[in-house]
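Working notes, beginning with the structure itself.
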Amino acid sequence: MTQLTLPKNSPMLSKDFIYGVATASFQIEGSADKRLPCIWDTFCATPGKIADNSNGERACEHVIKWREDIALIDSLGVDAYRLSISWPRVITLDGTLNHDGVKFYTDILDELARRNIKAFVTLYHWDLPQHLEDKGGWLNRETAFEFERYVDLISKAFGNKVYSYATLNEPFCSSYLGYEIGVHAPGIKGREFGRKAAHHLLLAHGLAMKVLNKNSPHALNGIVLNFTPCYPVTQSDADLAATAFADDYINQWYMKPVMTGAYPDIIEQLPEAHKPDILPGDMETIAQPLDFLGVNFYTRLHYQASETDYYEEMPHQAPMTDIGWEIYPKALTELLVSLHEKYQLPPVFITENGAAMDDKMINSEVHDQDRIDYYNSHLNAVNDAMEQGVTVSGYFAWSLMDNFEWAEGYSKRFGIVYVDYVTQQRVIKDSGNAYSHLIKNRY
């Protein structure tokens, strides 16, 4: 079996560098009957929205099997576990804490502490309570203040059990995929909605940061943003301009306000109906100082000029993963270096990186050499960025285990652990063993 290798002098081989695995509540937990409905329950129940017509009602049965799963995480030798809190599992309809839901997470946090595994907690990984969506969801400014109240309650309940809090995971996906092109929950389509939802999400982030800095001042508090670096098809002025617009629209729209308190200048080119509703003080609230920035990276995209739109997105190029995304690790290096040059960055964590591959379990083994190759090239891409001056403090493999992959259902497998969805058996893939070997052999 091929191992993961880094240069002998790499800071990523130090035990100070944090290695972890990541999951998200809706994708693994199941036990949907023990929480309020969320927007993904509704989306899954809408015909034609999920590739395999599945849902998250059972998922990986993590609510039932969490002790086994934490033991599995521990066996890998990781330093940290990134998990998300299901808002509808811990908050009731009247806005108070659901104590059974809270206990599920505090039990996990206590077990992680007992095993000396750092808890990286994401407070919002897309599973908005449906009753809030019924009032407008992220198009309703009040949802940002509902989030603030939830974060206040849950961070007080968790006390000092959490090493790091992320307010949001990938607000691009929540706003653009969910409220602009409609391929994710709640499935709303319209350019007049996407930027408004994004603004309320970012406002929620800023409000939550203030709460976390008050309630959990000793935790690392920040946000997780996903980036898909934009590359021009040609070096023509038109393609370069279209690509720059795409980068501002897709990537910098979320990064720039968090870091500088301003949206990209392209906001002036948008029709009034497409602009967010920005009230006095909003941008100052959004730009709270961060203890860390979480960067999620999977792929890149190419763009060219369009006669009818701001830009034209091109199909992914080979080689590709099983989900159809180009494998181009150099883009991760170039992304990190460009962010370092553009902004005054806090310490960076790669909070998600991984690949869906066409895994087959044969005789209780999964030989996923393609995923090992993916991880090896991307870990080295992180190292290359660090050699160019970027401060990266840790790396999380996405994902710990195969799970509900949103609109793809259970048809795509990202895990370093294989899940048999019929028996709920977990089997560590070759990639999981390779990742574990790297972590356990640091010096």
Side-chain angles (χ1 to χ4, degrees), residues 36 38-40 42-43 84-88 91 95 122-154 165-212 221-226 248-264 266-267 270-288 290 294:
L36 296 177
C38 77
I39 56 174
W40 275 94
T42 306
F43 195 69
S84 79
I85 306 305
S86 168
W87 185 351
I91 301 292
T122 302
L123 290 160
Y124 184 70
H125 201 127
W126 309 355
D127 44 359
L128 183 71
Q130 181 60 42
H131 71 276
L132 295 179
E133 180 59 36
D134 293 341
K135 298 174 185 174
W138 290 112
L139 295 174
N140 180 358
R141 183 180 172 89
E142 181 58 29
T143 300
F145 296 94
E146 290 287 347
F147 183 70
E148 178 186 35
R149 287 187 276 273
Y150 147 59
V151 171
D152 184 43
L153 288 171
I154 201 66
Y165 280 108
T167 54
L168 308 176
N169 179 77
E170 301 184 346
F172 161 84
C173 294
S174 297
S175 57
Y176 181 75
L177 301 183
Y179 289 88
E180 187 160 335
I181 65 171
V183 296
H184 275 193
I188 293 170
K189 295 181 185 176
R191 279 216 177 134
E192 66 271 34
F193 305 125
R195 305 294 114 175
K196 290 178 171 61
H199 183 68
H200 294 148
L201 279 152
L202 292 172
L203 179 62
H205 154 73
L207 293 167
M209 283 295 295
K210 289 185 176 182
V211 169
L212 292 172
N221 301 318
I223 190 171
V224 171
L225 302 178
N226 61 301
D248 279 346
Y249 200 76
I250 292 162
N251 297 312
Q252 308 309 326
W253 194 273
Y254 306 87
M255 180 68 171
K256 191 167 191 276
V258 165
M259 298 304 299
T260 72
Y263 285 111
I266 62 164
I267 191 171
L270 303 182
E272 284 301 317
H274 295 183
K275 292 179 182 178
D277 302 315
I278 303 171
L279 299 190
D282 281 4
M283 301 313 293
E284 292 80 2
T285 297
I286 289 169
Q288 296 300 306
L290 301 176

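Owing to the predicted nature of the structure, the values given are computational and were not obtained by experimental measurement.
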No-hydrogen, no-angle side-chain donor-acceptor test under 3.5 Å, Ser174 and Tyr124
no
Value for CG (Asn169) from CG (Asn226), rounded to nearest 0.5 Å, stands at 7.5 Å
Would you sort out whether Glu142 and His200 count as a side-chain contact (heavy atoms from CB on, under 4.5 Å), showing the intermediate values?
CA-CA 8 Å; Glu142 181 58 29; His200 294 148; over 6 Å; no
Set out, in order, the CA-CA distance, both residues' side-chain angles and the distance that settles side-chain contact (heavy atoms from CB on, under 4.5 Å) for His184 and Tyr176, then state yes or no.
CA-CA 9 Å; His184 275 193; Tyr176 181 75; over 6 Å; no
For the residue pair Pro264 and Trp253, establish whether any side-chain heavy-atom pair is separated by less than 4.5 Å.
yes
I'd like to know if Lys210 pairs up with Glu148 as an ion pair, taking the criterion as any Lys NZ or Arg NE/NH1/NH2 lying under 4.0 Å from an Asp or Glu carboxylate oxygen.
no
With no hydrogens and no angle check, is any side-chain donor or acceptor of Trp126 less than 3.5 Å from a backbone partner on Ala185?
no
For Glu146, which residues count as a side-chain hydrogen bond (donor to acceptor under 3.5 Å, both in side chains) partner, sequence neighbours excluded?
Arg149
Taken to the nearest 0.5 Å, the spacing of Lys196 NZ from Arg191 CZ works out to 13.5 Å
To check you understand the geometry: which heavy-atom pair defines the closest contact between Leu270 and Lys275, and what is its length?
O-CE, 3.2 Å
Going through the distances and angles, do Thr42 and Glu133 end up as a side-chain contact (heavy atoms from CB on, under 4.5 Å)?
CA-CA 10 Å; Thr42 306; Glu133 180 59 36; over 6 Å; no
When you measure from the side chain of Gln252 to the backbone of Tyr249, do you find a donor-acceptor pair of N or O atoms at a distance under 3.5 Å?
no
Under the salt bridge (Lys or Arg N to Asp or Glu O under 4.0 Å) test, which residues partner Asp248, sequence neighbours left out?
none
In the structure I gave you, are the side-chain heavy atoms of Leu132 and Trp87 within less than 4.5 Å of one another anywhere?
yes
Stepwise side-chain contact (heavy atoms from CB on, under 4.5 Å) test for Leu225 and Glu170
CA-CA 5 Å; Leu225 302 178; Glu170 301 184 346; over 6 Å; no
What pair of heavy atoms forms the shortest contact from Phe172 to Ile250, and how long is it?
CD1-O, 3.5 Å
Are Gln130 and Cys38 side-chain neighbours, meaning at least one heavy-atom pair lies under 4.5 Å?
no
State, to 0.1 Å, how close Leu168 and Thr122 come at their nearest heavy-atom pair, and which atoms those are.
C-CG2, 4.3 Å
Tell me whether Gln288 contacts the main-chain N or O of Glu284 through its side chain, where contact means a donor paired with an acceptor under 3.5 Å.
yes
Less than 3.5 Å apart, any donor N or O on the side chain of His199 or Asp282 sitting next to an acceptor on the other?
yes
Could you check whether any side-chain heavy atom of Asn140 comes within less than 4.5 Å of a side-chain heavy atom of Thr143, counting everything from C-beta outward?
yes
Look up atom NE2 in His274 and atom CD in Glu192, then write down how far apart they are to the nearest 0.5 Å.
5.5 Å
Nearest atoms (heavy-atom pairs only) where Ala208 meets Thr167:
CB-CG2, 3.7 Å
Would you compute the distance between atom OH of Tyr165 and atom CG of Leu212 and round it to the nearest 0.5 angstrom?
7.0 Å
side-chain hydrogen bond (donor to acceptor under 3.5 Å, both in side chains) partners for Ser86, two or more places apart
none
Nearest-0.5 Å distance, CD1 of residue Ile188 to CG of residue Leu139:
5.5 Å
Which pair of heavy atoms, one from Asp277 and one from Arg141, lies closest together, and at what distance?
O-NH1, 4.3 Å
Taking C-beta and beyond as the side chain, do Leu207 and Phe147 meet within less than 4.5 Å on heavy atoms?
no
Minimal non-hydrogen separation, Pro186 against Phe43, with atom names:
C-CD1, 4.1 Å
Under 4.5 Å between any side-chain heavy atoms of Ile223 and Leu290, yes or no?
yes
Check whether any side-chain heavy atom of Met209 sits under 4.5 Å from a side-chain heavy atom of Asn221, and report yes or no.
yes
Do Thr285 and Leu202 have side chains that get closer than 4.5 Å, going by heavy atoms?
no
Verify the distance criterion only: is there a donor paired with an acceptor across the side chains of Ser84 and His125 at less than 3.5 Å?
no
d(Ile266 CD1, Lys256 NZ) to nearest 0.5 Å is 10.5 Å
Do Tyr179 and Trp138 have ring centroids that are under 6.0 Å from one another?
no
